[in-house]
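In what follows, a single structure is set out as structure tokens and then discussed.
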Amino acid sequence: MRRKLVAGNWKMHGTRESAEQLVAGILAVFPAHCDVAVFPPYPYLAPLIARNGGALDFGAQDCSEHDDGAYTGEVSAAMVRDIGCRYVLAGHSERRQYHHEGDAQVARKVGKALEHDLVPVLCVGESLEEHDAGRTAEVVQRQLGTVIDHCGIAAFGRVIVAYEPVWAIGTGRTASPGKAQEVHALLRSQLARADDKIASSTRILYGGSVKPGNAAELFAQPDVDGGLIGGASLKAADFLAICAAVC
Ligand code: PGA
């Protein structure tokens, strides 16, 4: 049985004060029936972990593909681990879109995260154009396949996958539960072709306009193992309501 995970990706939102309040709000009603993690902006990670690290899991929104060196603005997987993060996102669509991260680079980031004992959350998903052209399966399988090729299937004993259709992120449009299930099942069968046992244990999250009102139906799908939540993770009450939707 795969334990569900609800992860809050705060993106570039908030202040130190609002970050502290959000964590306090989550911890006040801590959901114990599922795994919970938050991904605050980099500057707030270390102080939040120092104060709350034992009570809540934290993740970084990205890490470098390099170990160390002259890479201004980058943060290494070792640094992210060093401050106490458990998770790191890799290949979020906003990184792919605005920072031109390609499949191979994302795969290298997943590799670095694994090397440094982090749990990578590999984001895959098709753009609106690709969706409308009926290319969803091809795109997500290519994105996942590149990481399987680079890291090996055994890595998916640890790697978490997040299916996030780009047209659903921050738009208020959500993949229907049936459509999400279809893509999740497709991804799991791709993993199963390489290793059946690992595929049945890999967690595949759904992300893209998950809200308190639609979370339960999405999470009830057999291959949806939780959610990666953007906008609705910025209010403790909404995030907790989404956690409560995990049955
Ligand atoms: P959203 O973002 O919930 O605001 O659509 C999801 C994400 O980008 O991870």
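In this chain, numbering begins with 1 at the start of the sequence shown. Just so you know, ligand 1 is whichever comes first in the structure, and atom 1 is the first atom listed for that ligand.
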Next on the checklist: Can you report which non-hydrogen protein atom sits closest to atom 7 (C) of ligand 1, along with the distance?
Outcome noted: E164 OE2, 3.1 Å
Next on the checklist: Suppose we measure from atom 4 (O) of ligand 1 to each protein heavy atom; which comes out shortest, and what is that distance?
Outcome noted: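 Checked against all protein heavy atoms, atom 4 (O) of ligand 1 sits closest to G231 N, 2.8 Å.
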If you count the atoms of ligand 1 from 1 in the order shown, which ones are under 4.0 Å from a heavy atom of [X]?
X: N9; answer: 9 (O)
X: G208; answer: 5 (O)
X: G170; answer: 1 (P), 4 (O), 5 (O)
X: K11; answer: 2 (O), 7 (C), 8 (O)
X: L228; answer: 6 (C), 9 (O)

Checklist entry - So do the side chains of I153 and L191 get within less than 4.5 Å of each other, counting heavy atoms only? => result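 Yes, side chains in contact.
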Item to check | Within-4.5 Å side-chain heavy-atom neighbours: H13 and L22 | outcome: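 No. Closest side-chain heavy atoms not under 4.5 Å.
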Checklist entry - Counting heavy atoms not belonging to R51, are there more than 12 under 6.0 Å from its CZ? => result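 Open: at most 12 neighbouring heavy atoms sit under 6.0 Å from CZ of R51.
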Checklist entry - Is it the case that more than 12 heavy atoms not belonging to R3 sit under 6.0 Å from its CZ atom? => result yes
Checklist entry - Would you say S209 contacts ligand 1, with heavy atoms under 4.0 Å as the rule? => result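 Yes, S209 has a heavy atom closer than 4.0 Å to ligand 1.
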Item to check | Whether H92 lies under 4.0 Å from ligand 1, heavy atom | outcome: yes
Next on the checklist: What I want to check is whether the side chains of Q181 and D223 have a donor and an acceptor closer together than 3.5 Å.
Outcome noted: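 Present: a donor and an acceptor within the cut-off.
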Next on the checklist: Heavy-atom distances under 4.0 Å decide this one: backbone, side chain, both or neither, for A168 against ligand 1?
Outcome noted: backbone
Checklist entry - Counting heavy atoms only, which part of I169 comes closer than 4.0 Å to ligand 1: side chain, backbone, both or neither? => result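 Both backbone and side chain of I169 come within 4.0 Å of ligand 1.
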Checklist outcome for this item: Which of V140, I204, L205 passes side-chain contact (heavy atoms from CB on, under 4.5 Å) with H184? It is I204
Checklist entry - Relative to the ring of F39, is the ring of Y87 parallel (under 30°), tilted (30 to 60°) or perpendicular (over 60°)? => result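 Ring orientation, 0 to 90° scale: tilted.
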Checklist entry - Taking distance alone, with no angle check, do E94 and ligand 1 share an N/O pair under 3.5 Å? => result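 So ligand 1 has no N or O lying under 3.5 Å from an N or O of E94.
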Item to check | Polar proximity ligand 1 side, G230 side, N/O cut 3.5 Å exclusive | outcome: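 Yes, there is a polar N/O contact under 3.5 Å.
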Checklist entry - Given E182 and T136, is the side-chain contact (heavy atoms from CB on, under 4.5 Å) satisfied, shown in steps? => result CA-CA 11 Å; E182 201 181 291; T136 300; over 6 Å; no
